[in-house]
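Throughout, protein chains are lettered first and strands after them, A, B, ... in sequence-line order, and every chain is numbered starting at 1. Computation of the quantities below employed the complete heavy-atom set of this structure, encompassing side-chain atoms and omitting hydrogens, waters and symmetry-equivalent molecules.
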2 protein chains.
Amino acid sequence: MNYSKQREIIYKTLADNVVHPSAEYIYEILKKADSKISLATVYRNLNKMASCGHIKKIEGLEDRAHFDHNTFEHYHFICEKCGKIYDIAKEVAPDIIKKTQDKTGFTINSHDIVFHGICLECKKEER
Amino acid sequence: MNYSKQREIIYKTLADNVVHPSAEYIYEILKKADSKISLATVYRNLNKMASCGHIKKIEGLEDRAHFDHNTFEHYHFICEKCGKIYDIAKEVAPDIIKKTQDKTGFTINSHDIVFHGICLECKKEER
DNA sequence: ATGTAAAGTGATAATTGTTATCAGTTTTGT
DNA sequence: ACAAAACTGATAACAATTATCACTTTACAT
């Protein structure tokens with residue numbers, strides 16, 4: 001994989017963002033600064049970085065994919081009210097890979113956990 | 001929600017199937033028997049049944065959604081080689097909801113776990 | 001049993017997120 | 001500095017899903 005200026009910008013935009021943006025969202029941010037980038041380039045590079053493990057692709061949240069520069073093993077929570085995505089520590093499912101491999105005999109290469117519910121902020125507002 | 005003959009047929013087709021079919025797959029099966037059903041009807045009813053908890057919608061597997069008549073809490077594994085979807089027992093992640101709620105203060109309404117890897121059969125073939 | 005409002009249907013157009021294409025540009029190693 | 005490989009922007013194409021709409025079914029009060 002060669003160096004590319006666009007890929008660097010995309011990665012920085014992803015890393016500097018507290019949220020877990022979609023490709024479209026990154027594209028919107030970049031259009032304001034580097035007004036020449038193409039949406040296809042954003043998709044291409046996010047996928048390329050995801051498949052080489054440099055970033056993480058989060059699927060099964062909404063209808064669109066989201067991306068995460070945090071490649072540490074961790075899970076995600078999406079608030080059904082505000083739509084915000086939060087990180088969940090891996091400790092909530094200890095030894096899950098080993099347990100699953102032992103039980104099934106399958107080889108587990110990756111796993112994802114997605115929680116749905118109401119976040120603290122939205123719970124406060126409800127009262 | 002009113003009764004509908006189509007919904008009943010769709011549910012039965014889902015329940016009689018060992019696999020975890022997609023909407024398209026159910027549509028194909030039904031076209032052979034009841035040749036009049038519409039793909040839109042299949043989507044409509046699968047989503048309706050999923051959102052009232054009668055069946056389960058599995059997302060984040062491939063690009064399409066799959067459906068499961070087994071509403072018992074359990075997880076899924078998709079084989080990266082043959083594409084087959086397997087059920088995984090909930091015991092691999094004990095007390096995950098309680099742990100996550102305690103740690104975050106969020107209310108968890110649902111959660112999904114998807115494993116990716118190689119199933120036993122495909123592992124045998126590799127050698 | 002009948003009338004009517006609500007819910008459901010088939011057919012298909014529209015939408016949406018994503019990927020493919022392709023001519024031109026950038027990067028890389030020699 | 002040069003050729004091969006990788007990358008890009010612009011946009012067409014694609015695939016899964018949803019919206020639309022005229023019509024049919026269902027439920028239930030009379």
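Rounding to whole angstrom units, CG of residue B:Leu39 and C1' of C:dA14 are separated by 14 Å. The nearest whole Å value for the distance from the CE atom in B:Met49 to the P atom in C:dG8 is 12 Å. Residue B:Tyr27 contributes atom OH, which lies 14 Å from atom P of C:dT9 at whole-angstrom precision. Counting to the nearest Å, the C1' atom of D:dA10 and the CD1 atom of A:Ile37 are 13 Å from each other. With rounding to whole Å, B:Lys57 atom NZ is found 14 Å from D:dA16 atom P. Atom NZ of B:Lys31 is separated from atom C1' of C:dG10 by 13 Å (rounded to the nearest Å). Going from atom CG of B:Leu30 over to atom P of C:dT9 covers 12 Å, rounded to whole Å. Between the CZ atom of B:Arg7 and the P atom of D:dT26 there is a distance of 11 Å, rounded to whole Å.
Comparing D:dT18, C:dT9, D:dA16 by their closest approach to the side chain of B:Asn45 singles out C:dT9. Picking from C:dG10, D:dG9, C:dT19 the nucleotide with the shortest atom distance to the side chain of A:Gln6 gives D:dG9. Residue B:Met1 has its side chain nearest to C:dG8 when only D:dA10, C:dG8, C:dT27 are considered. Of the candidates C:dT9, C:dT21, D:dT11, the closest approach to any side-chain atom of A:Ala40 belongs to D:dT11. Across C:dT9, C:dT21, C:dT18, the shortest atom-to-atom separation from the side chain of B:Arg44 is found for C:dT9. Ranking C:dT18, C:dT9, D:dA6 by closeness to the A:Asn2 side chain, first place goes to D:dA6.
Phosphate proximity of C:dT19 to A:Asn47: present, with a side-chain N or O under 4.0 Å from OP1 or OP2. An OP1 or OP2 oxygen of C:dG8 is reached within less than 4.0 angstrom by a side-chain nitrogen or oxygen of B:Lys48. Between B:Ser4 and the phosphate of C:dT9, there is a side-chain N or O to OP1/OP2 separation shorter than 4.0 Å.
In this structure, A:Ala65 reaches the sugar-phosphate backbone alone: every heavy-atom distance under 4.0 Å involves primed, P, OP1 or OP2 atoms, never a base. The residue A:Lys36 sits close only to the backbone: its heavy atoms come under 4.0 Å of sugar-phosphate atoms, none of a base. Base contact: A:Tyr43 has a heavy atom under 4.0 Å from a base atom.
For the pair A:Lys57 and A:Asp68, the salt-bridge criterion is not met [side-chain N within less than 4.0 Å of a carboxylate O]. Between B:Lys12 and B:Glu8 a salt bridge is recorded (basic side-chain N to carboxylate O distance below 4.0 Å).
Ranked by how close their nearest DNA chain D nucleotide is to the 5' end, B:Glu24 and B:Lys5 are led by B:Glu24.
Open room surrounds NZ on A:Lys98; 12 or fewer heavy atoms of other groups in view lie less than 6.0 Å from it.
Atoms NE2 and NE2, from A:His66 and A:His76 in turn, are 10.0 Å apart once rounded to the nearest 0.5 Å.
In summary, the aromatic rings of B:His74 and B:Tyr86 are positioned with their centroids too far apart to meet the 6.0 Å limit. Taking the six-membered ring for Trp and the full ring otherwise, A:His54 and A:Tyr11 have centroids separated by under 6.0 Å.
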